[in-house]
Amino acid sequence: MIFNRKNIFLILIIFFISAASAFGEKKVALVVGNQNYKNSPLNNPKADAKAMVEKLKAMDFSIIECYDVDRATFLRQLRVFFNQLDKTDIALFYYSGHGVENKNTNYLIPVNEDIKSEDDLLVSAISLDFILDETAEHDCSKFVVILDACRNNPIKKSRGSSKGLVPVTPNATLENFIMYATAAGQTADDGSSNHSPFTAALLNHIDEDSTIQIIAQKVAKEVYAVTNQMQDPYTAGNLKSDLYLNSKGKKYDSYYSNADISFDDSGNLEIDTDGKNDKKNLLTGLFIVLIILLILVLIAFVFFIISGKKSNGVKVEKSSSENNEGAQENTAAVEESSAQNKDSADEEKTERTQKISALNKDSVEEKKSEELPENNFETEAHEENSEKIFEIPQVLIDDKFYIMKTPVTLEEYKEFFANPSEYKNNNFPVTRVSFKDSVIFCNALSRSHNLEEVYSFEGDHIFIDEKKNGWRLPFEDEWKKAYGKELDFSVLDDYALYSENCDGLEKCESKSPNENGLYDMAGLVREWCNDSCEGKWRLLKGGAWDSDKYMLSKDYKDRAIENYKSDNVGFRMVRNK
């Protein structure tokens with residue numbers, strides 16, 4: 001390899017990239033939500049787990065997620081998780097579902113397991129000790145365990161068992177941090193809303209740029225207050241240093257101003273108000289950066305010396321007279337070529353200019369399309385596209401209102417706003433749109449069709465004038481009329497995409513239409529409706545690609561906060577006749 005300045009520059013670039021990547025953390029998480037038990041089914045674990053997945057993805061975790069798993073599936077997913085732990089900076093295990101204690105051992109309960117006695121636990125459940133011990137066998141720096149699993153014991157009281165879980169002794173060979181939804185020996189509330197009190201508090205704080213220790217204290221305080229002092233989350237661990245789940249920032253929250261949280265030798269939380277650990281970590285980081293810079297300077301110096309020696313050692317094999325002759329020959333050749341090509345160059349100049357102009361025009365149009373504003377509560381339709389009219393396939397129901405044949409597709413949504421989801425297929429339904437995003441799109445489409453806008457806004461409040469003729473979201477009674485008769489679950493696969501017959505989101509119209517000629521009323525994506533549910537909550541209907549069969553029923557009701565977004569939520573529109 002010839003060591004010239006260009007090669008040296010490339011080597012330095014590669015080295016800088018490698019050095020930067022060395023500072024990036026490898027973070028892996030396994031998230032489990034077990035809800036639909038044969039005995040003692042729960043209300044919220046799947047919603048809890050899915051919301052946790054969204055939070056962890058935003059913090060750059062690599063996610064393994066599974067729902068309603070039996071023991072065999074649970075073990076397979078654990079094995080996938082264990083296999084990814086080598087050279088991991090942070091591993092996290094979140095479990096929402098039933099958990100019990102028996103003879104000082106904590107067990108997590110899979111669904112579809114007929115557990116009636118303590119003997120059944122040994123062959124049908126998963127012990128927490130097994131997970132901790134297996135993780136310790138891998139090259140993992142820190143391991144966080146979060147269990148929202150202290151709900152009422154689903155098996156009968158047996159000798160040696162108690163309510164809730166028992167305190168756990170962290171594995172000495174691995175730095176652990178463990179959180180229970182409530183104190184050891186107590187039970188936790190499953191919650192009457194979309195999330196349990198513990199997970200709701202955790203979702204409020206887990207992505208803050210604070211240490212896990214500070215976050216745990218904030219969660220505990222919030223849960224204790226929300227449950228009227230009935231539930232007090234438990235923590236244990238043996239962390240040797242601060243742990244930040246959100247590595248995008250490491251600032252202290254004002255809740256513990258200028259304080260550093262750590263554990264003493266007994267596993268109790270303590271506060272270091274002097275910020276000594278902060279100073280130590282800062283000095284360590286500066287020292288590492290200085291060492292890397294010195295290494296880079298040394299490498300650059302050596303390469304430039306080598307390059308200089310090779311340049312000075314090149315031999316001149318042609319005499320000056322030979323070079324002069326060569327130069328004259330080259331000059332003559334250039335002049336002759338210039339004379340021959342002058343005319344053709346003049347002719348090509350105009351053609352090239354026209355092509356470049358056309359290409360630039362296309363590039364500008366493409367760039368404009370890519371720079372459509374991201375949809376949010378305040379966003380208006382993009383000015384260039386606000387007057388574009390496109391046809392909406394629709395069906396008239398009961399001679400009263402029109403409803404779209406499919407959910408709003410990504411292609412239709414992008415006429416006004418930037419793609420909010422990770423999907424690129426224009427025939428897919430648009431996802432990751434909140435209730436607010438959906439009604440803003442309805443107004444934008446109404447304007448483009450010269451129809452009256454149905455929605456108006458005042459601060460954070462959305463007002464609906466359903467008498468206007470513009471596009472809007474359906475009400476539940478309208479949605480149910482469009483749904484038609486209840487689906488025959490024996491032939492459900494012909495009409496719906498759901499958890500048992502697909503691996504992810506697919507395009508609209510993948511299945512047969514219902515009796516009204518409408519596609520995907522059941523499955524594919526949950527659809528926003530106008531109906532309010534306890535203030536800022538809105539109704540969702542139809543189930544989705546990751547839903548269980550029963551959630552696709554005509555009468556099943558789901559709900560979410562107005563600003564909720566997910567890859568299983570979309571919408572379809574209606575308008576008055």
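We number each residue from 1, following the sequence as shown. Owing to the predicted nature of the structure, the values given are computational and were not obtained by experimental measurement.
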* **S566 (side chain) donor-acceptor with N568 (main chain) under 3.5 angstrom** => yes
* Under the salt bridge (charged side-chain N to carboxylate O under 4.0 Å, His left out) criterion, do K27 and D60 qualify, and how do the steps go? -> CA-CA 7 Å; K27 299 188 285 190; D60 301 324; 5.2 Å; no
* To the nearest 0.5 Å, tell me how far Y455 OH sits from F463 CZ. => 14.0 Å
* Please name the pair of heavy atoms, one in I206 and one in M59, separated by the smallest distance, quoted to 0.1 Å. => O-SD, 3.6 Å
* **N/O donor-acceptor pair under 3.5 Å between D465 side chain and K467 backbone** => yes
* To do: Give me the ring orientation class for H449 and W471: parallel if the planes are under 30° apart, tilted from 30 to 60°, perpendicular past 60°.
  => perpendicular
* **Sub-6.0 Å ring centroid separation between Y556 and Y550** => yes
* Asked: Looking only at heavy atoms, which two atoms of P197 and V223 are closest? And how far apart?
  -> O-CG2, 3.7 Å
* Just by distance, with hydrogens left out, do E486 and S553 show a side-chain donor and acceptor under 3.5 Å apart? -> yes
* To do: Salt-bridge test for E527 and R572: reply yes if a basic N is under 4.0 Å from a carboxylate O, no otherwise.
  => yes
* Grab the two heavy atoms, one from Y94 and one from L202, that are nearest each other, plus how far apart they are. => CE1-CD2, 4.3 Å
* Asked: If you look at every heavy atom in V569 and Y564, which pair is closest and at what distance?
  -> CG2-CE2, 3.9 Å
* To do: Among D493, D548, D546, find the one that has a side chain to side chain donor-acceptor pair (under 3.5 Å) with Y498.
  => D493
* Asked: Is Y107 close to I126 at the side-chain level, that is, under 4.5 Å between some pair of heavy atoms?
  -> no
* Taking atom types as modelled, is there a side-chain donor on Y180 or N106 under 3.5 Å from an acceptor on the other? -> yes
* Structure fact -> Interatomic distance, CZ@F428 vs CG@D567, rounded to 0.5 Å, equals 11.5 Å
* Asked: Does any donor atom in the side chain of D148 or T199 lie under 3.5 Å from an acceptor atom in the other side chain?
  -> yes
* Intermediate values then yes/no, side-chain hydrogen bond (donor to acceptor under 3.5 Å, both in side chains), E458 and H461 -> CA-CA 5 Å; E458 183 177 325; H461 298 284; over 6 Å; no
* Go through the steps for D68 and K46 under the test salt bridge (charged side-chain N to carboxylate O under 4.0 Å, His left out), then give the verdict. => CA-CA 8 Å; D68 286 337; K46 291 179 73 172; 3.7 Å; yes
* Any chance you could lay out the salt bridge (charged side-chain N to carboxylate O under 4.0 Å, His left out) test for K511 and E506, step after step, and finish with the verdict? => CA-CA 10 Å; K511 297 293 184 177; E506 296 186 18; over 6 Å; no
* Asked: Taking atom types as modelled and ignoring hydrogens, do the side chains of N443 and S446 form a donor-acceptor contact shorter than 3.5 angstrom?
  -> no
* **Any V53 side-chain heavy atom under 4.5 Å of L56 side chain** => no
* Asked: Under a 4.0 Å N-O cut-off, is there an ion pair linking D555 with K480?
  -> yes
* To do: Show the numbers, then the answer: is there a ring-ring contact (aromatic ring centres under 6.0 Å, His included) between Y413 and F441?
  => CA-CA 8 Å; Y413 193 84; F441 180 87; 5.2 Å; yes
* Between R472 and E478, is the closest basic N to carboxylate O distance under 4.0 Å? -> yes
* Asked: Any ion pair linking K142 and D89 (charged N to carboxylate O, less than 4.0 Å)?
  -> no
* Does a side-chain N-to-carboxylate-O contact under 4.0 Å join R447 and E453? -> yes
* To do: Could you please spell out the steps behind the side-chain hydrogen bond (donor to acceptor under 3.5 Å, both in side chains) verdict for N204 and E222?
  => CA-CA 10 Å; N204 287 339; E222 186 171 316; 2.7 Å; yes
* Apply ring-ring contact (aromatic ring centres under 6.0 Å, His included) to W479 and Y483, showing your working. => CA-CA 6 Å; W479 189 92; Y483 186 99; 5.2 Å; yes
* Asked: Does K554 pair with E476 as a salt bridge, N-O distance under 4.0 Å?
  -> no
* Can you establish whether the number of heavy atoms outside Y495 located under 6.0 Å from its atom OH is more than 12? => no
* Asked: Side chains of I462 and F457: does their closest heavy-atom pair fall under 4.5 Å?
  -> yes
* **Atom pair OG (S510) and CG (D520), whose distance is rounded to the nearest 0.5 Å** => 6.5 Å
* Asked: For R526 and S547, does a side-chain donor sit closer than 3.5 Å to a side-chain acceptor?
  -> no
* Could you pull out the closest heavy-atom pair between L524 and L505, with the gap in Å? => O-CD1, 3.8 Å
* Structure fact -> For A482 and I403 the tightest heavy-atom approach is CB-CD1, 3.7 Å
* To do: Report the C-alpha distance between I131 and L78 in whole Å, list the side-chain angles of each, state the deciding distance to 0.1 Å, and finish with yes or no for side chain to side chain contact (heavy atoms under 4.5 Å, CB included).
  => CA-CA 8 Å; I131 296 174; L78 280 169; 4.1 Å; yes
* Asked: When you measure from the centre of the six-membered ring of Y67, is the NZ or CZ of K50 under 6.0 Å away and within 45° of the axis?
  -> yes
* **Side chain to side chain, F74 and Y95, heavy atoms closer than 4.5 Å** => yes
* Let me see the working for H195 and D48 under side-chain hydrogen bond (donor to acceptor under 3.5 Å, both in side chains), right down to the final yes or no. => CA-CA 6 Å; H195 299 296; D48 290 343; 2.9 Å; yes
* Are T409 and N426 side-chain neighbours, meaning at least one heavy-atom pair lies under 4.5 Å? -> no
* **Pair D207 + K55, salt bridge at N-O below 4.0 Å** => yes
* To do: Could you tell me whether the side chain of N228 and the main chain of M230 form a donor-acceptor pair under 3.5 Å?
  => no
* Taking the side chain as every heavy atom from C-beta outward, state whether F198 and L203 have any pair of such atoms under 4.5 Å apart. => no
* Would you say R575 and N469 make side-chain contact, with heavy atoms under 4.5 Å? -> no
* Does the side chain of L497 come within less than 4.5 Å of N501's, by heavy atoms? -> yes
* Going through the distances and angles, do K218 and E208 end up as a salt bridge (charged side-chain N to carboxylate O under 4.0 Å, His left out)? -> CA-CA 11 Å; K218 296 173 93 172; E208 294 178 0; 2.8 Å; yes
* Report yes or no: does Q231 contribute a side-chain atom to a donor-acceptor pair with the main-chain N or O of A181 at less than 3.5 Å? => yes
